[in-house]
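Below, chain A is the first sequence line, B the second, and so on; all start at residue 1.
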Protein chains: 2
Amino acid sequence: MVKDEVLSGLILELRRGTIVLCVLSQLNEPTYGYNLVNILAEKGINIEANTLYPLLRRLESQGLLESSWVTSEAKPRKYYVKTQKGNEICNALKQHWDSMVRNIDRLWEVDINEK
Amino acid sequence: MVKDEVLSGLILELRRGTIVLCVLSQLNEPTYGYNLVNILAEKGINIEANTLYPLLRRLESQGLLESSWVTSEAKPRKYYVKTQKGNEICNALKQHWDSMVRNIDRLWEVDINEK
DNA sequence: TCACATACTGTGTAGTATACACTATAATGT
DNA sequence: ACATTATAGTGTATACTACACAGTATGTGA
C-alpha cells in the first residue's frame with residue numbers, strides 16, 4: 001500500500017528533531033549510549049543504536065554533552081552527560097516545544113468566527 | 001553567542017515535519033498558498049512562502065492534495081485542497097503526533113521508582 | 001506616468017540530519 | 001564451539017527545509 005509508505009515517511013519526519021529533545025531530557029545523570037536506547041524504549045521512544053551514536057557525538061561536538069570512557073566495568077562504556085550549556089538549551093528547547101504543541105493543537109479547534 | 005546558533009538549529013529541526021501536519025490540517029477548504037501562509041501566521045505558525053510552495057507541490061505529487069488554477073479572480077491563484085487519502089493520512093498523522101506528545105511529556109515526569 | 005510596494009507563484013542550491021546497512025569486539029549463555 | 005547480547009563506531013543514500021533569486025500583475029502615492 002502506497003498510503004503506508006507516505007505515512008511512515010511523514011512519521012519519520014515528525015520524529016526528527018524531537019529525538020534531540022528526548023535524548024537531552026534523559027542525560028541529567030551520566031549514561032552510556034546502549035543504556036539510553038533501553039531507557040527511551042521503555043518510555044515508548046524507539047531509536048536505533050546506530051542512529052543514536054552519531055547523535056551523541058554531534059551533541060558533544062556542539063558542547064551540549066560531555067563524555068568519558070569508563071573502563072573499570074566489564075565492557076568499556078562511554079558515558080555522556082549534559083553540560084551546563086546543554087541544560088540551558090534543553091530547557092529552552094522544551095519551552096519552545098511546549099508552545100509549538102499548543103499552537104498545533106489550536107489548529108484543530110473549530111473556529112467559531114469562521115467566515 | 002554560539003549558544004543561540006545551536007538552539008535555533010535545533011528549533012529548526014523541531015519544526016521540521018510538523019509543518020506538513022499544520023498544512024494538512026488547514027486544507028479542508030480549497031486555499032491558495034499565499035493565503036495559507038497568512039492563515040498559519042495568524043495562528044502562530046510562521047512559514048515562508050517559498051518554503052511552502054515546494055511543500056504543496058510535494059504533497060500533491062504524493063496524492064495528499066489536489067490543486068486547481070482559478071483565473072476568474074484578479075490574480076491567477078492555485079487552490080489546494082486535501083484529497084480523501086490526504087484526509088486519512090492527516091488523521092493518522094495527528095493521532096501519531098498526539099501519542100508522541102504524550103510520550104515526550106512523560107520524559108519530564110520524575111520517576112518515583114528511580115534506582 | 002513613474003516608482004514602488006504588495007500579492008502571488010515558481011525554481012535551484014546548499015546545508016544538515018536521520019535511517020540503515022555494515023564493521024568490529026568482548027562477554028555470556030547453551 | 002556457537003549464538004546471542006552488549007557496546008561502540010562509520011559511511012552512504014535519501015530527503016527535507018531554508019533561503020536567495022526569478023518573475024508577473026495590480027494598485028497606489030508622488
Q) Under 4.0 Å: is that the gap between some side-chain N or O of A:Tyr32 and OP1 or OP2 of D:dT7? A) yes
Q. When rounded to the nearest 0.5 angstrom, what distance separates CG in B:Leu59 from CG in B:Leu65?
A. 5.0 Å
(Q) At less than 3.5 Å, do the side-chain atoms of B:Lys75 and the base atoms of D:dA25 form a donor-acceptor pair? (A) yes
Q. Roughly how many Å is it from OH in B:Tyr53 to C1' in D:dC21, rounded to a whole number?
A. 15 Å
Q.
For nucleotides 13-22 of chain C, give me one character per nucleotide, 5' to 3': B if any protein heavy atom sits under 4.0 Å from the base, S if the only such contacts are to the sugar-phosphate, - if neither.
A. ----BSBBBB
Q) Going by the angle between their ring planes, with limits at 30° and 60°, are B:Tyr79 and B:Tyr32 parallel, tilted or perpendicular? A) perpendicular
Q. Where the side chain of A:Arg77 is defined as all heavy atoms beyond and including C-beta, which of D:dA8, C:dT9, C:dG10 is the nearest nucleotide?
A. D:dA8
Q: Apply side chain to side chain contact (heavy atoms under 4.5 Å, CB included) to B:Trp69 and list each qualifying residue two or more places apart in sequence or on a separate chain.
A: B:Pro76, B:Lys78
Q. Which residue lies toward the 5' end of DNA chain D, A:Arg57 or A:Pro76, if each is placed at its nearest nucleotide?
A. A:Pro76
**Q.** B:Leu56 CG - D:dC16 P separation (whole Å)
**A.** 14 Å
**Q.** A:Leu27 vs A:Leu56 side-chain heavy atoms within contact, under 4.5 Å
**A.** yes
Q: Figure out the OH/P separation between A:Tyr80 and D:dA8, and round it to whole Å.
A: 8 Å
Q: May I have the distance from A:Trp69 (atom CH2) to C:dT25 (atom P), rounded to whole angstrom?
A: 14 Å
Q. What's the NZ-C1' distance between A:Lys78 and D:dG9, to the nearest Å?
A. 9 Å
Q. Between atom CG in B:Leu14 and atom P in D:dT17, what is the gap in whole Å?
A. 14 Å
Q: Nearest whole angstrom, please: distance from the P of D:dT17 to the CG of B:Leu40.
A: 14 Å
(Q) Holding to side chain to side chain donor-acceptor pair (under 3.5 Å), I want the full list of residues that pass it with B:Ser67, two or more places apart in sequence or in another chain. (A) B:Glu60
Q) Would A:Asp98 and A:Lys94 satisfy salt bridge (charged side-chain N to carboxylate O under 4.0 Å, His left out), going step by step from the backbone distance to the final call? A) CA-CA 6 Å; A:Asp98 286 337; A:Lys94 174 63 159 64; 3.1 Å; yes
Q) Roughly how many Å is it from CG in A:Leu10 to P in D:dA15, rounded to a whole number? A) 12 Å
Q. Does a nitrogen or oxygen in the side chain of A:Tyr34 sit under 4.0 Å from OP1 or OP2 of D:dA6?
A. yes
Q | Shortest non-hydrogen contact from B:Gln26 toward B:Ile39 | A | NE2-CG2, 3.7 Å
